[in-house]
Amino acid sequence: MRIYFTADNQAEERLQKNFSKIIEILTASGVLIMSNLVDRSVSGFSSQDLEKINQSGEVLIERMDALVIEGSRTVPESGYLIAIALTHQKPILYLVEKGKLLNKNLLHLQKDKNTSRLLTLANYNEKSLGSVITEFLENVEKGEGREVPTIKFTLRITSRIERYLQWKTHNTKISKADFLRHKIEDLIDADEAYQKFIKK
Amino acid sequence: MVTNRKKICFLLCGQNATIGPDHWFSQMPEVGILADIEPVVVFDKPSADIIPEVWQNLAAEIFARLKAVDGFVVFHDVDNILYSSSAISFMLTNLTKPVIFTGGHYVSQSDRKLEVKANLINAVQAAGYQYSDVGLMFGNRLLRANQAVRSADESLNLFTASPSAVLGRIDFSIRLADKLITKNKGVTKLVADLNGNIEVLTLAPVINLRTLAKKVIDRDAIIIDASSYLNLPADVLFFLEKITNDLPVVIWSDKIRNQIILPKNLIIVSDITWPAAVTKLMWVLGQTKNISKIRELMAKDVAGEIIKT
C-alpha cells in the first residue's frame, strides 16, 4: 500500500515529533510512504516508472492508495490535495490534535454524500494515534473508501455462539458485530463460485 | 486548508456551458475547497463553432473582472482551444493575472468525468498563484498556451510544448517553473480589435491560382501553411509578387528561410505555432494595415509566443 503523508514542515518541534510518530506507525504497518517531510525520493517507484507516469499525464496521487494529512497547523497545499484525492476516489485521513477544532470546510465536506465515505476526520492524542491510523488503513484495504454498514439484520444466536463471541472479542478493540462482519467478508472473498457470479 | 480564499472567475466556453454552472458545481463540491468561484457563461455552443467575436467577448469578460478576482479558468472544449487561448494572450496586453484554459478529451464516457474534473481542479489551483500567463492545463502539465501543440501520443497530456513553455508540473502539488513564468506589473490593456478578413491556405501542388486570385481580391491578408516545403513553388512566388503585391502574405514555415529573393509583401514566420500565427495576424491586422508595421509586429515577441529553442 502507498500512502502520501503531508504536514506543515514549518511546525514547532512538538508537532514535528507527532509527525515522526505518524511516519513510524505507517512504516511499521508495512506501508510505503511518500511525504513532503522526508527526502523527495519517491518510495516504491523506479525512475522508469516515474517517467512513464509523467508521460502518461497522470499525477502521482493517482498511484497512491490513500492520503494522510496532519492538519493541526494549516498545511498550505492541503486543500488542493484533498480536492484532487477526492476526485481520484482516494481515502483521506485528516488528523488534528485533540483539543483543536476541525476546519469548517472539512466538516461541510463530511456532510456531502459523495465525499463523506472517503474523508475521515479524527482528533488524536498520543494514546489513540496508533489505533486511529490502524483503523484507517484497514478501511483502505477493504477498498472503495469506507463501507458503512447500514442494513439492519437481526440474528438469533445460541448461548454457545454467544460465549464464543464474548471470548473472542474480549479485551480487543473489535466489537462482536464487527468480528462477524469481518468473518462474512472473508467468506465472500473466498467463495470462488460467488466471485465468478458477480463478475458476469 | 486554504485560509485566505482565492476568488476565481470560471468562464464557460463550449458545449459544457449548456449544462449550466449551478449543475456543474453541485457535482463538484471539491472545487469549493480551493476557491470561491464566480461562474460566467460566454459561449454555449460546441467550440468547433467558435468565431472571433467570441474571443472578443471572452477577453472583455476577463478584462472587466481583472481587479475583482485572483485568476481565471476558461473551460473550453478541445476544438479550437489553441486558437482561443492564443487569441486571448494577444488581446490582453501586459496581463497581470493567470488565465488558465482547460477541458477534457472525452476518450471514453467513464473516464471523461474524472479527467475533466481533475483538469478543472488543477486549473483552479493554478489560477490562484501569482503570475501572468495564459496557460493550458491538461494532465500533469501547465503549458504556455500560445506555444502549445496537440500531442501525437494518446495520453492525458493532450498538448505539448517546448521545455521553455512548460510553466508548471504536477506531482503532489503544482510546481511552477519560477524562471519561466511571467510576472507582469502595471496596467493591463484590452486590445481586442481582430481582423478576420484573411485567406487561410495550406500549400499543396493542387492550388488553383486563378481561383485564389478571385478569392483574395477583397482580403486584407493571406496566411499560408508552407510547413512541409523547403522552397516556395515558382508559380506561387510569381503569383504572390505580381497579383497580390500590396497584400501582406504571411508564410508559416520553419524550413523556408534562405530563399534568395522574396517579394516585399512576403513575411516568413517560423518560431511560432500555427494557431498562434493565425490569431496573431488577425490581431496585428486589427492594429495596422501597413506592411512594414505588420512585418515588425509579426516578428516581435508580443505575448511569449515565440518559441525559443
Side-chain angles (χ1 to χ4, degrees), chain A residues 3-6 8 34-37 40 42 45 50 52-64 67 69 71-90 92 94 96 101-116 118-119 121, chain B residues 1-6 25-37 102 104-105 107 110-111 113-129 136-143 151-160 166 168-176:
Chain A
I3 300 276
Y4 184 69
F5 170 59
T6 187
D8 181 11
M34 291 192 62
S35 175
N36 65 317
L37 301 176
R40 292 294 302 166
V42 180
F45 291 113
L50 287 174
K52 266 188 200 167
I53 292 167
N54 184 37
Q55 290 303 322
S56 71
E58 287 178 69
V59 295
L60 280 171
I61 197 78
E62 293 180 65
R63 297 299 183 104
M64 300 291 113
L67 173 66
I69 301 175
S72 299
R73 258 182 65 124
T74 305
V75 183
E77 298 282 337
S78 62
Y80 166 73
L81 274 168
I82 289 169
I84 204 73
L86 288 173
T87 297
H88 290 290
Q89 301 288 294
K90 304 295 177 186
I92 302 163
Y94 194 95
V96 175
L101 291 172
L102 290 167
N103 187 288
K104 276 186 290 187
N105 287 325
L106 291 177
L107 289 169
H108 178 72
L109 269 182
Q110 266 228 314
K111 289 177 190 165
D112 183 288
K113 63 178 168 105
N114 293 318
T115 55
S116 59
L118 291 167
L119 181 60
L121 307 178
Chain B
M1 290 295 292
V2 177
T3 47
N4 299 318
R5 281 177 69 79
K6 300 287 181 179
F25 293 111
S26 69
Q27 304 265 305
M28 298 190 216
E30 301 90 337
V31 177
I33 304 171
L34 301 176
D36 292 325
I37 304 291
T102 193
H105 191 187
V107 174
S110 56
D111 291 337
K113 261 177 139 177
L114 170 60
E115 182 194 338
V116 165
K117 209 172 171 183
N119 285 341
L120 180 59
I121 284 172
N122 288 327
V124 169
Q125 181 73 356
Y129 295 126
L136 210 58
M137 176 67 85
F138 284 83
N140 59 19
R141 289 178 213 170
L142 174 67
L143 306 176
S151 290
D153 304 324
E154 277 294 320
S155 84
L156 296 170
N157 287 336
L158 216 55
F159 300 96
T160 187
V166 179
R169 292 185 187 271
I170 306 168
D171 47 40
F172 294 109
S173 62
I174 297 175
R175 301 188 186 282
L176 293 179

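Sequence lines set the chain letters: A, B, ... in the order given, protein chains first and strands last, and positions in each chain run from 1.
- Both the backbone and the side chain of B:N122 come within contact range of chain A, with heavy atoms under 4.5 Å apart.
- At a 4.5 Å heavy-atom cutoff, A:L67 makes no contact with chain B through either its backbone or its side chain.
- Of the listed residues B:N157, B:L156, B:N140, the one with more heavy-atom pairs under 4.5 angstrom with chain A than any other is B:N140.
- The side chain to side chain donor-acceptor pair (under 3.5 Å) search around A:T6 returns A:N36, not counting sequence neighbours.
- Ring geometry for B:F159 versus B:F138: interplanar angle over 60°, hence perpendicular rather than tilted (30 to 60°).
- In this structure the side chain of B:L136 never reaches within 4.5 angstrom of the side chain of B:L142, judged on heavy atoms.
- Contacts of A:I61 with chain B are made by both backbone and side-chain atoms, with heavy-atom separations under 4.5 Å.
- Partners of A:E62 under the side-chain contact (heavy atoms from CB on, under 4.5 Å) rule, at least two apart in sequence or in another chain, are A:E58, A:V59, A:H88.
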